Amino acid sequence: MSDQRPFIPMVSPQVDEPDAIAAQIADVLRSGRLSNGGPLAEGFERAIAAFLGVQEAVAVSNGAVAISLAIEAAAVRRGKAILPAFTFIATLNAAVHAGFEPVFCDIDPETWTLDPGHLRRLLAEHGATLVLPVNVFGVPPDLAAIAREARGAGAAVIYDNAHGMGTETASREAEALLTATTYSLHATKVLVAAEGGVVVSPDREVSAAMRRLRNHGLAQPLSASVPGMNAKLDELRAALALSSLRRLPEALARRRTYLDRLRAALSRHPQLYRTQRIPPGVNPNGQNLGVGLIDAPIDDVIAAFARRGVEARRYFYPPLHALDCSPAGLVLPNTDRLCAGQVCLPLHGRMSEETLERVEAAIHGVAEELEARRLSARSSRPALLGAT
Ligand SMILES: Cc1ncc(COP(=O)(O)O)c(C=O)c1O
């Protein structure tokens with residue numbers, strides 16, 4: 001029997017002030033200033049820099065182009081780029097578009113983020129010029145260790161923090177050692193512009209270069225840096241981003257409450273579920289709720305959640321080294337083990353009590369169903385002859 005109530009999707013974009021945004025967009029449309037550094041995009045840049053506690057931030061048209069722009073602006077020497085295979089394909093695309101040869105790094109088995117030990121070995125073996133660590137579901141990698149390894153090898157670090165807006169970490173200083181940190185404002189993210197991104201660099205020259213390059217490389221009418229690109233955040237999306245930013249502290253507080261509640265439900269079934277480890281000093285933003293499955297057929301788990309009206313979706317799947325565009329045969333043990341049984345469950349910017357209870361009930365119900373199946377499979381298995 002399937003649950004007949006509305007299906008609960010894994011992600012559900014959250015817009016808190018649709019009428020206020022619509023009114024502001026109507027003003028933009030009447031103003032005739034739709035893009036190219038209008039007051040809303042500039043206001044958003046100032047507001048997001050203040051939120052992040054940085055000198056300046058550069059607003060761009062999406063999180064993928066944010067990585068490309070940072071690479072170009074910092075003029076990272078082309079060569080090999082080391083990145084995790086457990087990420088969204090945008091990280092790989094940015095490296096390949098820029099002319100890097102990708103080298104896939106394994107993840108830490110508990111935090112699911114880039115493993116600094118494997119990074120060290122890959123840097124020694126490949127002499128890469130770029131490292132692209134990635135925030136996974138709101139949890140940052142060990143940036144201090146990664147920055148140390150990369151520096152020792154002379155490689156630039158561009159941190160793909162598409163998932164990390166609002167995550168608090170005790171090691172923020174480590175970000176000052178990086179070439180740039182990029183964010184996504186995609187509809188599925190904590191801070192939403194429908195499509196949009198932000199780049200922060202501790203190097204003012206890199207920020208200045210990003211401002212030039214995002215507008216086709218044009219500086220003044222007769223001056224240009226090529227190759228430029230069109231990576232501007234327009235005024236319509238800036239209106240959305242500004243509204244989402246105003247409501248971000250409340251949204252983060254809600255997401256953290258949901259994350260804690262749902263992780264607590266998962267932790268009651270350690271025979272089936274394992275949660276992503278949150279390192280000490282990290283307060284994640286509740287971007288996604290990742291779940292690792294222990295010895296359970298993943299398709300059965302997805303189907304059991306679906307029967308209860310809850311989406312369980314493989315995310316960052318398949319891992320990049322398993323795509324048909326990657327060389328065959330690469331083994332990344334921690335990534336492979338995780339991806340054999342990993343899903344994300346619903347976590348939204350706003351969830352009703354009823355929705356939360358349905359997700360909790362599904363977590364418990366699926367665990368009990370799977371456990372009952374395991375027990376019955378065990379009891380119907382014939383005893384091994386001669387076993388001692
Ligand atoms: C890890 C990661 N990097 C980069 C991106 C690209 O961001 P955008 O969709 O804003 O281009 C995403 C997108 O969701 C992502 O998950």
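For ligands, and for the atoms within them, numbers begin at 1 and follow the listed sequence. This is a predicted model, so every value here is computed, not measured.
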Checklist line | For H163, atoms of ligand 1 separated by under 4.0 Å from a heavy atom | finding: 16 (O)

Notebook entry, point to check: How close does the nearest protein non-hydrogen atom get to atom 5 (C) of ligand 1, and which residue and atom is it?
Noted result: A90 CB, 3.7 Å

Margin query: Looking at R77, I want to see if its CZ is surrounded by more than 12 non-hydrogen atoms of other residues, nucleotides or ligands under 6.0 Å.
Written below: no

Next item on the list: Below 4.0 angstrom from a heavy atom of T87, which ligand 1 atoms are there? Numbered from 1 as shown, please.
Entry: 1 (C)

Item checked: Side-chain donor-acceptor contact under 3.5 Å, R212 with S225 -> yes

Next item on the list: Applying salt bridge (charged side-chain N to carboxylate O under 4.0 Å, His left out), name anything that partners D336, two or more places apart in sequence or on another chain.
Entry: none

Next item on the list: Decide whether the shortest distance between a heavy atom of E195 and an atom of ligand 1 is less than 4.0 Å.
Entry: no

Checklist line | Ring centre gap for F88 and Y315 strictly below 6.0 Å | finding: no

Notebook entry, point to check: Are more than 12 heavy atoms from other residues, nucleotides or ligands located less than 6.0 Å from atom CD of Q55?
Noted result: no

Note to self: If the cut-off is 4.0 Å to any non-hydrogen atom of A162, which atoms of ligand 1 fall inside it?
What the structure shows: 2 (C), 3 (N), 4 (C), 5 (C), 12 (C), 15 (C)

Next item on the list: Indicate whether the side chain of T91 and that of D160 have a donor and an acceptor atom separated by less than 3.5 Å.
Entry: yes

Margin query: Considering non-hydrogen atoms of the protein only, which is the closest contact for atom 3 (N) of ligand 1, and what is the distance?
Written below: D160 OD2, 2.7 Å

Notebook entry, point to check: Closest non-hydrogen protein atom to atom 13 (C) of ligand 1, residue and atom name please, with distance?
Noted result: K189 NZ, 3.3 Å

Item checked: For A64, the ligand 1 atoms whose distance to one of its heavy atoms is below 4.0 Å -> 6 (C), 7 (O), 8 (P), 11 (O)

Check: Is S184 in polar range of ligand 1, meaning some N or O pair under 3.5 Å apart?
Finding: yes

Notebook entry, point to check: Going by atom types only, do N283 and R256 share a side-chain donor-acceptor pair under 3.5 Å?
Noted result: yes

Margin query: Give me the nearest non-hydrogen protein atom to atom 12 (C) of ligand 1 as residue plus atom name, then the distance to 0.1 Å.
Written below: F88 CD2, 3.5 Å

Notebook entry, point to check: Relative to the heavy atoms of G63, which atoms of ligand 1 are at a distance of less than 4.0 Å?
Noted result: 6 (C), 7 (O), 8 (P), 10 (O), 11 (O)

Next item on the list: Please work out which of the three classes, parallel, tilted or perpendicular, describes the rings of H163 and F137, given edges at 30° and 60°.
Entry: parallel

